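Note that this is a predicted model, so its numbers are computed, not measured.
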Amino acid sequence: MNSDFRDKLSNAATAVEITLGMVILIACIVSGIGMVAMTDMNKLFGDPAYLQARMSSACLIIIGIELIKMITSYTIDSVVDVMLLAIARQMIVEHTSPIENLIAVLSIGILFVIRKYLYISRLDRRRSKKEIEEDVRAEVLGVENRNEPKKPEPPEIGSLI
């Protein structure tokens, strides 16, 4: 009974995520088409404020698309991508003080360090419940996992001579 309720709740949450993703996707498509159709080329090259407004709109559309990827992929990598885009948009589009620029650059650097040194792709891949159970069983019982490739045994020293 309890497991059945959890499954229904999980399915309902997935349905809400998919619906939200579709709404965001439709909004991004409509906004992108509207932005391209309504852009005045003379103002774009002549008025810096107009160019800044167009860049801000384009960055928001890109962040919306990345948000959809984050909702559907459940990976740390997609979360870091959305955060990088949001910080980069803030730096590029907004007029910020030197201290705010320094904080933004430092935060982008920290995100790159997280991605480079703290990100473990094996933990980030989607796995089924059966794969997780097999991994746990392999860890607890010391049984080899059939899904992971076998590591080659190192050659014996005598065979190399």
Is Val82 reachable from Phe112 through a run of I, L, V, M, F, W or Y residues, each pair having side-chain heavy atoms under 4.5 Å apart? yes
Quick one: pull up CG in Asn42 and CG in Asp47 and give me the separation to the nearest 0.5 Å. 11.5 Å
Validation row: Ile63, Glu66 side chains within 4.5 angstrom (heavy atoms): no
Any non-hydrogen side-chain atom of Ile103 less than 4.5 Å from a side-chain atom of Thr96? no
Treating Ile, Leu, Val, Met, Phe, Trp and Tyr as nodes and any side-chain heavy-atom pair under 4.5 angstrom as an edge, say whether Ile71 and Met22 lie in one connected cluster. no
Inter-residue atom distance Leu9.CG - Thr14.OG1, 0.5 Å rounding: 9.5 Å
Looking at side-chain heavy atoms only, is the closest gap between Met91 and Ile108 below 4.5 Å? yes
Would you say Leu106 has more than 12 foreign heavy atoms packed within less than 6.0 Å of its CG? yes
Hydrophobic clustering (ILVMFWY, side-chain heavy atoms < 4.5 Å, transitive) - are Ile61 and Ile29 grouped together? no
Given the rule in the side-chain contact (heavy atoms from CB on, under 4.5 Å) test, do Leu111 and Ile87 qualify, once you have shown the distances and angles that lead to the verdict? CA-CA 10 Å; Leu111 287 172; Ile87 294 169; 3.8 Å; yes
Please find the pair of heavy atoms, one from Gly46 and one from Pro48, that lie closest to each other, and give the distance. O-CD, 3.6 Å
CG of Leu85 to CE of Met83: how many Å apart, nearest 0.5 Å? 11.5 Å
Are any non-hydrogen side-chain atoms of Ile24 and Cys28 less than 4.5 angstrom apart? yes
Are Leu67 and Leu84 connected, step by step, through hydrophobic side chains (Ile, Leu, Val, Met, Phe, Trp, Tyr) whose heavy atoms are closer than 4.5 Å? yes
In this structure, OG of Ser107 is separated from CG of Leu102 (nearest 0.5 Å) by 9.5 Å
Any chain of hydrophobic side-chain contacts (each under 4.5 Å) joining Leu51 to Phe45? yes
When you compare the side chain of Asp81 with that of Met70, does any pair of heavy atoms fall below 4.5 Å? no
If you round to the nearest 0.5 Å, how far is CE of Met38 from OG of Ser57? 12.0 Å
Counting distance only, does the side-chain N/O of Thr39 pair as donor-acceptor with the main-chain N or O of Met35 below 3.5 Å? yes
